[in-house]
Amino acid sequence: MLEDTDYLVVGAGASGLAFADSLVATADAVEVTIVDTRPAPGGHWLSAYPFVRLHSPSSYYGVNSLPLGEDAIDLVGQNAGYYERATGQEVRDHFEAAAQRLDDTGRARLLAGHEYLGPDSAGERIRHLASGGVTRLKVRRKVVDARYLEGSIPATHAPSFGVAAGARFVPVNDLPAVADSASSYAVIGSGKTAADACIWLLENGTDPDRIRWVRPREAWFYDRRHFQPLAQVGGIVEGLALDAESGAASESVDSLLERLEGCGRLVRIDPSRPAAMFRGTMLSSPELQALREIQDVVRLGHVRRIEPGRILLTHGEIETVRSTVHVDCTALGLSDAPAIPVFQHGLIVLQQVRHLSPCFNAALIGFVESERDDDEEKNRLCPPNPYPQSVEDWPRMTATTWKAEGRWLREPDLAEWIAGCRLNLLGALPDHAGDESVRSAFERYLTNVSAATTQLVSLGRTDEPQRYSTTQ
Ligand SMILES: Cc1cc2nc3c(=O)[nH]c(=O)nc-3n(C[C@H](O)[C@H](O)[C@H](O)COP(=O)(O)OP(=O)(O)OC[C@H]3O[C@@H](n4cnc5c(N)ncnc54)[C@H](O)[C@@H]3O)c2cc1C
């Protein structure tokens with residue numbers, strides 16, 4: 001094992017690999033060591049449920065130096081007409097290839113199956129999980145925390161409710177394995193994983209009447225048509241124009257939501273119910289229509305206990321059938337960790353900057369680390385922008401992105417890097433700027449973005465500097 005390294009990256013998920021890939025491509029002669037407790041690169045994708053896919057197109061996901069997929073348009077299914085979305089296996093293969101590519105440079109290496117334990121007076125401690133042996137690394141430049149936003153996923157979380165012996169209950173990862181033996185299903189959870197489980201059941205021929213959805217909360221989703229890159233980049237620009245117009249015109253979060261829903265930017269499964277949850281995930285219109293076919297929706301709060309004949313919830317109880325399979329989709333998913341400075345003394349804490357763009361942001365932070373010297377300046381260019389939990393976070397999340405993007409455009413080298421970055425969802429904009437629909441949407445965005453930023457900052461429940469802390 002190396003005894004010293006320039007950068008020690010903790011976590012070989014999307015963030016750690018996208019950062020290392022970008023840093024090694026930009027910085028001269030740096031040595032990078034990446035450690036991960038998991039046996040292979042890819043982070044949570046190694047433990048994802050079998051039918052998982054990216055919810056966004058593959059085109060701008062992964063590491064910058066390697067394409068993911070072929071930028072094909074899906075011809076069938078609920079994503080038809082939109083850019084392909086990688087399966088879990090395709091994502092894992094991509095990160096495996098990315099780690100190999102880093103290794104081939106001779107300047108980076110991955111230590112899988114190793115746990116970072118933190119520093120002591122002799123160096124940064126790394127434990128080899130198989131042998132238990134602890135090694136110390138001398139880090140010449142920085143430790144890079146690429147696990148700060150590690151989420152809670154179905155495979156590793158423990159449900160917050162009890163399950164009595166005899167009740168049929170599975171984590172969503174096991175759904176395909178039990179599907180043949182179930183008379184009906186009770187999908188538990190309000191977010192994207194629960195939606196994925198329902199869509200998987202419907203796509204596999206389950207009658208909607210055999211699906212009960214225990215959905216304590218209603219969630220907002222983006223419409224996927226506004227996240228299509230390349231030849232369809234006009235859809236992204238249209239989405240930004242709608243954000244800016246809605247933001248500039250809204251005096252409250254409620255009126256903002258009314259506008260965002262009215263123009264089709266945000267959608268909810270049941271428009272007659274108030275929704276507060278917002279995790280920044282997206283659905284296509286056919287997916288939304290399919291989910292609306294499920295009529296048996298239980299809204300009695302959170303599940304407290306599942307017994308063979310009944311489900312106990314915060315606000316009541318319902319009968320359930322013994323042969324019903326209860327599917328746990330209640331893991332939190334995206335981390336709710338608060339904002340802290342990305343660049344600290346001897347430490348980089350990878351976080352979101354442009355909202356909901358984990359790979360782009362990690363690569364951006366790698367570039368900024370390589371090309372700027374002063375931590376204050378680096379933090380100015382990379383303000384942390386926590387994952388949203390509720391719609392109350394939408395104004396802060398969007399305004400932080402716009403403020404950061406404004407700063408990037410005033411830095412020629414950074415603007416040039418972003419323009420050429422595969423992970424930049426707007427990369428194809430210059431090629432289509434002359435199309436009439438793209439041009440007019442972009443103009444609407446430019447006309448409104450300044451007023452919208454001011455307005456959204458005033459609507460945001462916490463402004464960015466107040467969330468800074470000097471401790472990790
Ligand atoms: C089901 C699902 C689908 C998603 N789809 C999309 C999508 O389509 N598009 C998108 O942009 N985002 C998507 N996301 C968001 C997602 O969080 C990111 O895409 C990304 O994969 C997160 O990667 P990460 O590296 O930040 O975290 P992780 O993948 O969680 O990686 C963190 C790693 O750190 C390691 N680690 C933790 N502690 C230590 C330690 N002490 N020592 C060593 N290693 C340690 C862990 O083992 C882990 O491998 C999705 C998320 C989920 C859960």
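Order of listing sets the numbers, starting from 1, for every ligand and every atom in it.
- Among Arg141, Arg109, Arg140, the single residue meeting the salt bridge (Lys or Arg N to Asp or Glu O under 4.0 Å) criterion with Glu31 is Arg140.
- Among all protein heavy atoms, the one lying closest to atom 3 (C) of ligand 1 is Trp45 CH2, 3.6 Å.
- For ligand 1 and His114, the ligand atoms under 4.0 Å from any heavy atom of the residue are 43 (C).
- In the vicinity of Gly11, heavy-atom distances shorter than 4.0 Å reach the ligand 1 atoms 33 (C), 34 (O), 35 (C).
- Distances from atom 52 (C) of ligand 1 to the heavy atoms of His44, Arg85, Arg147 put His44 nearest.
- Near Val10, the atoms of ligand 1 lying under 4.0 angstrom from a non-hydrogen atom of the residue are 40 (C), 42 (N), 43 (C).
- The atoms of ligand 1 that sit less than 4.0 Å from any heavy atom of Pro358 are 11 (O), 12 (N), 18 (C), 19 (O).
- For the atom pair Glu218 CD and Ile269 CD1, the distance stands at 6.5 Å (nearest 0.5 Å).
- Note that the CZ atom of Phe169 and the NE2 atom of His326 stand 9.0 Å from one another [nearest 0.5 Å].
- The single protein non-hydrogen atom nearest to atom 42 (N) of ligand 1 is Tyr116 N, 2.9 Å, given as residue, atom name and distance.
- The shortest contact between atom 9 (N) of ligand 1 and any protein heavy atom is with Ser56 OG, 2.9 Å.
- Between the side chains of Asp336 and Gln389, no donor-acceptor pair is found at a separation under 3.5 Å.
- Regarding atom 5 (N) of ligand 1, its nearest protein heavy-atom neighbour is His55 CD2, 3.2 Å.
- Given atom 25 (O) of ligand 1, the protein heavy atom at minimum distance is Ser15 N, 2.9 Å.
- Ring centers of Tyr60 and Tyr83: at least 6.0 Å apart, outside the cut-off.
- Of all the heavy atoms of Lys192, none lies under 4.0 Å from any atom of ligand 1, so neither backbone nor side chain is involved.
- Judged by the 6.0 Å distance and 45° axis criteria, Arg354 is positioned over the aromatic ring of Phe360.
- Side-chain contact check for His355 and Thr401: at least one donor-acceptor pair (N or O, by modelled atom type) lies under 3.5 Å.
- With ring centers used as reference points, Phe19 lies 6.0 Å or more from Phe367.
- With a 4.0 Å heavy-atom cut-off, ligand 1 is reached by no atom of Leu149.
- Taking a distance limit of 4.0 Å, we find that atom 14 (N) of ligand 1 is approached by no protein heavy atom.
- For the pair Gly333 and ligand 1, no heavy-atom separation below 4.0 Å is found.
- Under a 4.0 Å criterion applied to the non-hydrogen atoms of Tyr61, ligand 1 contributes the atoms 9 (N), 10 (C), 11 (O), 12 (N), 18 (C), 19 (O), 20 (C), 21 (O).
- Nearest protein heavy-atom neighbour of atom 32 (C) of ligand 1: Ala146 O, 3.8 Å.
- Residues in residues 230-241 take part in these salt bridge (Lys or Arg N to Asp or Glu O under 4.0 Å) pairs, two or more places apart or across chains: Glu238-Arg444.
- Using a 4.0 Å cut-off between heavy atoms, Leu334 contacts ligand 1 through its side chain alone, with no backbone atom that close.
- Ligand 1 has no nitrogen or oxygen under 3.5 angstrom from a nitrogen or oxygen of Glu115.
- At the top of the distance list for atom 30 (O) of ligand 1, counting protein heavy atoms only, stands Glu150 CG, 3.4 Å.
- Not a single heavy atom of Arg53 sits less than 4.0 Å from an atom of ligand 1.
- Residue Arg38 has at least one nitrogen or oxygen atom sitting less than 3.5 Å from a nitrogen or oxygen atom of ligand 1, judged on distance alone.
- No hydrogens or angles considered: nothing links the side chains of Tyr387 and Gln351 as a donor-acceptor pair under 3.5 Å.
- Atom 49 (O) of ligand 1 has as its closest protein heavy atom Asp36 OD2, 2.7 Å.
- Side-chain contact check for Asp328 and His157: at least one donor-acceptor pair (N or O, by modelled atom type) lies under 3.5 Å.
- Residue pairs meeting the salt bridge (Lys or Arg N to Asp or Glu O under 4.0 Å) criterion with at least one partner in residues 70-87, sequence neighbours excluded, are Arg85-Glu287.
- In this structure, Phe442 and Tyr445 have parallel ring planes: the angle between them is below the 30° cut-off, well short of the 60° mark.
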